[in-house]
Each structure stands twice: as structure tokens, then as C-alpha cells.
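The basis for the numbers below is simple: all heavy atoms, side chains too, and nothing from hydrogens, waters or symmetry mates. Since the structure is predicted, the reported quantities are computational estimates derived from the model, not experimental observations.
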Amino acid sequence: SFLSLSHNFGGGTQTYIDNIAGIYNNIHQVNIGRDDVVYVKEVSYNYQDLRSWITRDTTLIFSHLLIHDGPKYKIIKDLFYHIYNNCKYKKLIFIIHDYHLLFPTNPNPIKNECINDVPTNNDLEFVNYLFSKCNIIVFNSYNCLNNYKKFINMDNYKYIITNTTPDIIT
């Protein structure tokens, strides 16, 4: 089975997840809501409940760890830590289609022409930690991958490049 975790902002990310669900008939979609809440079909659950949904046969597909925190964005690192440390699963796939892991407060800096900014050490440590736990990382474009390579040694990780998430300019 597949469990997809993403934000619930809609747009291209939701289209991407819907396309994956169209390929795999046994995918379950979970939307990240707040620090401690996820949503399945508009019903809220504490993310601790994910332990009962994730089994040794589950492939986890993360598309985002970003939520709105008032007027700002932030990454829900505790959700990832909780799943990694407390759940048994088959594979972990992370789909990268923007820069939210590098720049949590400005996930699409290219729109503001500030891709030359440097991520914080804390953000870089988390990206490296997260990538080290993934079976594969999926980038939506060479440009997105190359921008990550400015800050992360991608030779340490297994990744592929697709061109399937057209919601942002990357």
C-alpha cells in the first residue's frame, strides 16, 4: 500500500498526488494540517495515529512537510521524526518540487529572485538527515536538482529527475 503525505494547499502538488493515486489504486492521502494534526478526507487525526496506518508493506510518499503557521510557513520536522522513529514501513520516497526544505519561510525564492540566499545550518542539517533516510528522492526538474546541489552534496543520496510537477517555476 501507499501513503501520501503532503500539505493541503492544493494547486500543482495536489494534482501530482491525484495523478499518483490514479496510477496506484491503493494509495491513501494524508494532508498535513498543523504541528500535531493530519487530515484524511477532511477528518482530523493526531499524527501519532499514523502508527496504526503505516505497516511494513507501506511505501511512504512525502510531497511536502510545509504548513502555514499564521502568515508564515514552517516545516513540520516532528512529523518526519515521529514516522521515521516510530513506524515500520517498506520504503520512503520524498518528492522535491520547490525549495521548502532549504528555505522554509520562503519555499519558492526563485519567484523573488533570491535563490542566492544561503539556507541556515539548521535547515541544511535537516535536509541531509531527511535525505539520508529516504530510499529515493524525486526532483521535478534538473533546475530544481541543481539548485539543491548548490547546498547539498547529492552524491550521497539516490535520486531521480522527472518533469511532472508544473505548478511552479523551478
Side-chain angles (χ1 to χ4, degrees), residues 1-70 72-105 107-108 122-123 125-140 144 148 152 154 156-162 164-168:
S1 68
F2 296 86
L3 182 71
S4 165
L5 293 109
S6 185
H7 62 57
N8 59 355
F9 304 165
T13 300
Q14 188 63 50
T15 300
Y16 188 82
I17 296 306
D18 290 345
N19 289 340
I20 291 174
I23 295 169
Y24 304 102
N25 62 0
N26 58 348
I27 193 166
H28 304 283
Q29 295 185 40
V30 175
N31 288 322
I32 300 165
R34 298 188 309 268
D35 285 338
D36 58 350
V37 176
V38 294
Y39 294 90
V40 178
K41 296 182 181 177
E42 307 301 322
V43 177
S44 65
Y45 297 90
N46 184 295
Y47 69 68
Q48 306 290 330
D49 295 330
L50 290 171
R51 275 187 285 193
S52 64
W53 303 341
I54 299 171
T55 69
R56 293 183 191 277
D57 295 325
T58 303
T59 295
L60 299 171
I61 304 171
F62 280 91
S63 300
H64 242 286
L65 283 173
L66 195 69
I67 64 164
H68 283 292
D69 184 29
K72 297 181 179 182
Y73 295 107
K74 78 175 193 178
I75 292 182
I76 304 301
K77 295 177 183 178
D78 286 343
L79 174 62
F80 183 81
Y81 294 138
H82 170 72
I83 290 172
Y84 182 75
N85 292 320
N86 297 301
C87 301
K88 304 292 184 209
Y89 51 85
K90 183 177 178 180
K91 286 185 180 178
L92 194 150
I93 299 168
F94 206 100
I95 300 170
I96 303 291
H97 67 271
D98 66 12
Y99 306 100
H100 81 280
L101 294 174
L102 296 174
F103 305 104
T105 60
N108 199 4
N122 189 35
D123 291 331
E125 286 174 17
F126 180 70
V127 174
N128 279 297
Y129 176 81
L130 185 149
F131 283 5
S132 74
K133 306 308 178 196
C134 293
N135 294 90
I136 194 160
I137 303 147
V138 180
F139 286 90
N140 74 318
C144 191
Y148 268 80
I152 303 292
M154 292 305 300
N156 296 328
Y157 311 110
K158 184 175 179 182
Y159 62 88
I160 62 172
I161 299 118
T162 66
T164 56
T165 310
D167 62 320
I168 61 170

On a heavy-atom basis, which atom in Leu101 and which in Phe126 lie closest, and how many Å separate them?
CD2-CE2, 4.1 Å
Looking only at heavy atoms, what is the nearest atom pair of Cys134 and Leu92, with distance?
SG-CD2, 3.3 Å
When rounded to the nearest 0.5 Å, the distance separating CD1 of Ile161 from CD1 of Ile137 is 11.0 Å
If I take atom CD1 from residue Ile83 and atom CH2 from residue Trp53, how far apart are they, to the nearest 0.5 angstrom?
10.0 Å
How many angstroms lie between CD1 in Ile136 and CD1 in Ile95, if you round to the nearest 0.5 Å?
10.5 Å
Mark yes when over 12 heavy atoms from residues, nucleotides or ligands other than Lys91 sit less than 6.0 Å from its NZ; otherwise mark no.
no
So how far is it from Phe131 CZ to Met154 CE, rounded to the nearest 0.5 Å?
5.0 Å
Quick one: closest heavy-atom pair of Tyr157 and Ile152, and the distance?
CE1-CG2, 3.8 Å
Which atoms form the tightest heavy-atom contact between Arg51 and Cys87, and what is the distance?
CG-SG, 3.6 Å
Between NZ of Lys77 and CG of Leu65, what distance do you get to the nearest 0.5 Å?
10.0 Å
Is the number of heavy atoms from other residues, nucleotides or ligands within 6.0 Å of OH (Tyr84) greater than 12?
no
Could you tell me the separation between the OG1 atom of Thr55 and the OH atom of Tyr89, rounded to the nearest 0.5 Å?
12.5 Å
Quick check: closest heavy atoms across Leu102 and Asp123, and the distance to 0.1 Å?
O-OD2, 3.7 Å
Where is the tightest heavy-atom contact between Ile96 and Tyr148, given as atom of each residue plus distance?
CG2-CE1, 3.4 Å
